[in-house]
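One structure is given below, encoded as structure tokens.
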Amino acid sequence: VQLQASGGGLVQTGGSLQLSCAAPEFSLDDRHVGWYRQAPGKEREGIACISGRDGTTNYVASVKGRFTISKDNAKNTVSLQMNSLKPEDTAVYYCATLWGCDSAWGDLYSNNYDYWGQGTQVTVSS
């Protein structure tokens with residue numbers, strides 16, 4: 001496992017969680033990184049990415065305005081701050097390094113990952 005996702009848990013509707021993605025074996029400084037999620041019975045979807053080139057971010061509509069992706073180069077981690085959580089956010093969340101991150105990512109494509117990590121479960125109760 002090249003990436004390690006953590007921070008999941010059980011939270012009530014409207015609550016917040018912060019997920020963290022660590023890469024113990026290599027630097028994330030200049031890497032594009034994305035967060036994905038997969039809910040039971042649904043396909044995996046890319047939801048947020050951050051560019052390793054200039055730090056720009058992109059979100060799919062379902063999480064835009066509620067989730068924030070950020071990178072901490074000193075800690076070599078990428079975080080996903082999730083606010084105003086809804087039951088439909090319940091899923092296993094994964095992080096991955098990407099070959100690119102642009103305004104189309106998530107909506108038009110998201111299978112451009114190389115390194116992948118184990119997931120962390122997020123459950124939002126109603």
Side-chain angles (χ1 to χ4, degrees):
V1 174
Q2 290 90 3
L3 297 175
Q4 298 173 352
S6 62
L10 174 63
V11 65
Q12 291 185 333
T13 296
S16 299
L17 281 174
Q18 184 175 63
L19 306 183
S20 181
C21 176
E25 300 175 2
F26 58 91
S27 173
L28 293 174
D29 281 9
D30 59 352
R31 302 299 300 267
H32 310 292
V33 179
W35 281 97
Y36 297 75
R37 67 185 181 186
Q38 186 165 21
K42 295 188 177 181
E43 292 187 356
R44 182 182 62 211
E45 61 172 335
I47 58 172
C49 69
I50 184 166
S51 169
R53 182 171 51 250
D54 57 12
T56 57
T57 58
N58 191 63
Y59 304 89
V60 294
S62 60
V63 306
K64 194 169 187 177
R66 300 187 298 123
F67 291 10
T68 302
I69 187 172
S70 61
K71 185 184 287 188
D72 186 332
N73 288 335
K75 295 182 179 179
N76 201 37
T77 58
V78 173
S79 297
L80 184 69
Q81 177 66 41
M82 307 186 296
N83 299 327
S84 303
L85 284 163
K86 306 174 182 180
E88 51 263 43
D89 294 318
T90 295
V92 179
Y93 285 70
Y94 303 86
C95 59
T97 52
L98 309 173
W99 291 105
C101 169
D102 58 26
S103 59
W105 193 88
D107 290 321
L108 298 183
Y109 74 97
S110 64
N111 286 336
N112 61 332
Y113 54 84
D114 46 12
Y115 293 120
W116 195 258
Q118 93 290 356
T120 185
Q121 175 71 47
V122 172
T123 303
V124 184
S125 63
S126 57

**Request:** Output all residues satisfying salt bridge (Lys or Arg N to Asp or Glu O under 4.0 Å) with Arg66, sequence neighbours left out; order by chain, then residue number.
**Result:** Asp89
**Message:** When you measure from the side chain of Ser51 to the backbone of Thr56, do you find a donor-acceptor pair of N or O atoms at a distance under 3.5 Å?
**Reply:** no
**Fill in**
Scanning both residues in full, the closest heavy-atom pair of Ala23 with Leu3 reads CB-CD2, 3.5 Å
**Message:** Is there a path of hydrophobic side-chain contacts, each under 4.5 Å between heavy atoms, that joins Trp116 and Tyr109?
**Reply:** yes
**Prompt:** Rounded to the nearest 0.5 Å, what separation is found between the CD atom of Gln118 and the CD atom of Gln2?
**Reply:** 11.0 Å
**Item:** Backbone of Ser125 reached by a side-chain donor or acceptor of Thr13 within 3.5 Å
**Value:** yes
**Request:** Might you point out which heavy atoms bring Ile47 and Val63 nearest each other, and give the distance in Å?
**Result:** O-CG2, 3.6 Å
**Asked** Salt bridge check: are Asp30 and Lys71 linked by an N-O gap of less than 4.0 Å?
**Response** no
**Asked** Taking Asn112 for the side chain and Leu98 for the main chain, is one N or O donor matched with an acceptor at less than 3.5 Å?
**Response** no
**Request:** Kindly give the heavy-atom pair with the smallest separation between Leu28 and Asn76, and that separation in Å.
**Result:** N-OD1, 2.7 Å
**Prompt:** Please walk me through it: do Met82 and Val122 pass side chain to side chain contact (heavy atoms under 4.5 Å, CB included)?
**Reply:** CA-CA 10 Å; Met82 307 186 296; Val122 172; 3.8 Å; yes
**Message:** Using 0.5 Å steps for rounding, measure from the SG atom of Cys21 to the OH atom of Tyr94.
**Reply:** 13.0 Å
**Message:** Quick check: is Leu108 connected to Trp99 through a chain of hydrophobic side chains (ILVMFWY, heavy atoms under 4.5 Å apart)?
**Reply:** no
**Prompt:** Taking all non-hydrogen atoms of both residues, which atom of Ile50 and which atom of Thr57 are closest, and how far apart?
**Reply:** CG1-CG2, 3.9 Å
**Complete:** The reported gap from CD in Gln121 to OG1 in Thr90 (rounded to nearest 0.5 angstrom) is 7.0 Å
**Asked** Short question: side chain of His32, backbone of Gly52 - any donor-acceptor pair under 3.5 Å?
**Response** yes
**Request:** Check the pair Thr97, Asp114 against side chain to side chain donor-acceptor pair (under 3.5 Å), reporting the backbone distance first and the verdict last.
**Result:** CA-CA 6 Å; Thr97 52; Asp114 46 12; 2.3 Å; yes
**Any side-chain heavy-atom pair of Tyr59 and Asp107 under 4.5 Å** = no
**Fill in**
What one should report as the nearest heavy-atom pair of Ala96 and Tyr113 is CB-CB, 3.8 Å
**Message:** Can a donor-acceptor pair be found, under 3.5 Å and without considering hydrogens, that links the side chain of Ser79 to the backbone of Gln81?
**Reply:** no
**Request:** Would you please name every residue forming a ring-ring contact (aromatic ring centres under 6.0 Å, His included) with Tyr115, sequence neighbours left out?
**Result:** Phe26
**Item:** Polar side-chain atom of Asn58 near backbone of Ala48 as donor-acceptor pair, under 3.5 Å
**Value:** no
**Asked** Are any side-chain N or O atoms of Asp72 and backbone N or O atoms of Lys75, one a donor and one an acceptor, separated by less than 3.5 Å?
**Response** yes
**Message:** Cation-pi check for Tyr93 against Arg37: NZ or CZ below 6.0 Å from the six-membered ring centre and within 45 degrees of the axis, yes or no?
**Reply:** no
**Message:** Has Tyr36 got a side-chain atom pairing as donor or acceptor with Ser110's backbone, closer than 3.5 angstrom?
**Reply:** yes
**Prompt:** Rounded to the nearest 0.5 Å, how far apart are CG of Leu19 and CH2 of Trp35?
**Reply:** 4.5 Å
**Message:** Would you say that Val78 contacts Ile69 through its side chain, given a criterion of any heavy-atom pair below 4.5 Å between the two side chains?
**Reply:** yes
**Request:** Might you point out which heavy atoms bring Asn83 and Ser16 nearest each other, and give the distance in Å?
**Result:** OD1-OG, 2.9 Å
**Point-to-point distance, once rounded to the nearest 0.5 Å, from SG of Cys95 to CD of Gln4** = 9.0 Å
**Nearest-0.5 Å distance that lies between atom OG1 in Thr120 and atom CG in Leu17** = 8.5 Å
